[in-house]
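Below is one structure, written out as structure tokens; the observations come after it.
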Protein chains: 2
Amino acid sequence: MSLRHAVLGLLAEMDGSSGYDLMRMFEVSLANVWGATQSQLYGELAKLTADGFIEVVEEGPRGRKAYGVTAAGREELRRWLTETAPKAVRRDEVLLRVFFLGLVTPEQREEYLRGRAAELAERQAGIEAVEEAVSWGEDDLSRYGRLVMEYGKRFMAMRREWMEWALRELEDPPTSAR
Amino acid sequence: MSLRHAVLGLLAEMDGSSGYDLMRMFEVSLANVWGATQSQLYGELAKLTADGFIEVVEEGPRGRKAYGVTAAGREELRRWLTETAPKAVRRDEVLLRVFFLGLVTPEQREEYLRGRAAELAERQAGIEAVEEAVSWGEDDLSRYGRLVMEYGKRFMAMRREWMEWALRELEDPPTSAR
DNA sequence: CAAGACATGTAAGAAGTTACATGATTGG
DNA sequence: CCAATCATGTAACTTCTTACATGTCTTG
């Protein structure tokens with residue numbers, strides 16, 4: 001139930017946001033760590049309201065609802081952060097496919113890895129664009145967002161290096177039984 | 001629908017496996033790239049059979065069913081590998097929480113990062129145990145499994161380094177506005 | 001003969017995806 | 001005035017998780 005806490009956390013740091021505001025936040029800053037669709041977000045806002053963790057603090061034009069975290073919501077967030085352990089979900093379709101690369105031709109293997117490397121380069125460019133666009137302040141979200149951003153950079157660099165290594169490995173296999 | 005293809009791929013490389021066999025395979029070799037529960041696996045086997053992608057090739061003791069991939073299954077696998085693009089799911093609860101580290105005390109922040117680092121060390125030990133236990137041959141699964149294993153090692157090393165960096169960063173913040 | 005491994009399944013519910021559906025406000 | 005952006009929601013479907021349920025074979 002992490003989407004719930006992602007919403008709660010975001011709202012705790014940006015009180016008075018609307019679903020639409022949060023959606024953009026998910027797109028730019030949270031995209032790399034926890035994705036959410038618009039549909040999911042609005043649904044979760046409704047559930048959080050029903051559960052008393054957030055409330056509508058203001059209604060604006062176009063039906064805009066600004067939400068705020070309640071005391072119960074803050075407590076829930078604290079509980080989540082300090083009393084529950086994150087579970088590592090290990091699901092990576094890119095790597096899953098590497099497992100089965102023996103089922104295609106050598107050309108397709110190489111094409112695959114090169115394609116993924118290209119995607120990575122795109123994402124790297126994307127993260128750098130965000131880094132420049134965002135005005136990094138001294139608020140908590142900026143402070144910890146920077147840590148996450150640095151992680152993203154290291155992650156992508158690591159993957160790229162691995163892909164280059166894997167390509168070399170395919171070219172020149174280290175056979176013990178040549 | 002990647003679980004489907006994970007099962008199909010595994011079965012393509014290990015024809016005649018049972019649900020139980022595949023389950024263990026998921027636990028040891030696929031655990032880091034695509035997790036699956038027992039329940040999901042048996043369900044998927046039933047669906048794959050209904051769709052004609054796999055078939056029961058033999059029935060053994062204790063109700064054991066050995067499956068084999070059909071021609072249609074092989075074609076589906078090939079199609080998936082060569083004609084569809086993997087989608088990068090970006091969901092990492094460990095990093096999500098880093099985003100909200102401003103909501104807890106400095107002690108809790110440090111405790112959090114140290115705790116994750118400890119978990120990582122455990123996983124690293126686990127992967128090394130698997131590496132030693134598995135008899136790496138020259139078959140495809142071994143060949144490409146080794147690539148994935150190397151990725152896992154690099155991934156964990158990267159995370160560990162990042163955590164150490166983040167801990168230093170928290171201790172001694174790089175404030176532009178001191 | 002008992003414990004442990006082998007072996008398969010079902011059911012209920014939570015979470016996530018995709019597509020549809022609608023309408024208001026604002027800036028050029 | 002029209003296009004873009006703001007803004008919220010619903011419905012159908014798929015996928016994933018957790019828990020329950022049952023029974024067989026092998027080995028010491």
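Numbered from 1 within each chain, the chains take letters A, B, ... in sequence-line order.
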Separation of D:dT14 C1' from B:Leu48 CG (nearest whole Å): 15 Å
Ring-face cation of B:Arg143 near B:Trp136 (centre distance under 6.0 Å, axis angle within 45°): no
Whole angstrom value for the distance that separates P of D:dT8 from CD of A:Gln38: 9 Å
Sugar-phosphate, base or nothing in reach of B:Arg24, heavy atoms under 4.0 Å: sugar-phosphate
Among D:dA21, D:dC25, C:dG16, the nucleotide that comes nearest once only the side chain of A:Leu3 is considered: C:dG16
A:Arg78 side chain to A:Thr82 side chain, donor-acceptor N/O pair below 3.5 angstrom: yes
Options D:dT18, D:dT8, D:dT14, nucleotide nearest the side-chain atoms of B:Met1: D:dT14
Nearest-Å distance for atom pair CZ/P, residues A:Arg64 and C:dT26: 12 Å
B:Gln40 (side chain) and D:dT15 (base): donor-acceptor pair under 3.5 Å: no
Note: B:Arg90-A:Asp92 ion pair, threshold 4.0 Å (strictly below): no
B:Tyr42, nearest nucleotide to its side chain (from C:dA7, D:dT14, D:dT18): C:dA7
5′-ward residue of the pair A:Ser2/B:Gly63 relative to DNA chain C: B:Gly63
Value in whole Å for how far the P atom of D:dT8 lies from CD of A:Glu58: 12 Å
Proximal nucleotide (of C:dT18, C:dA21, D:dT17) relative to the A:Arg91 side chain: D:dT17
Atom-pair distance (CZ on A:Arg4; C1' on C:dG16), nearest Å: 15 Å
Euclidean distance, atom CG of residue A:Asp51 to atom P of C:dA14 [Å, nearest integer]: 11 Å
salt_bridge(B:Lys153, B:Glu131) N-O dist < 4.0 Å: yes
Closest nucleotide among D:dT8, D:dC25, C:dT10 to the B:Arg62 side chain: D:dC25
Nearest to side-chain heavy atoms of B:Lys47, which nucleotide of C:dG9, D:dA7, D:dT15: D:dT15
Rounded distance (Å) that lies between atom C1' of D:dC6 and atom CE of A:Met25: 16 Å
Which residue lies more 5' along DNA chain C, comparing A:Glu44 with B:Lys87 via nearest heavy atoms: A:Glu44
Among D:dT18, C:dA7, D:dG9, the one nearest B:Tyr20 by side-chain distance: C:dA7
Ring-face cation contact, A:Trp165 with A:Arg160, 6.0 Å cut, 45° max: no
Closest to side chain of B:Ser39, choosing from C:dG9, C:dG16, C:dT10: C:dT10
Interatomic distance where CD belongs to A:Glu59 and P belongs to D:dC6 [whole Å]: 20 Å
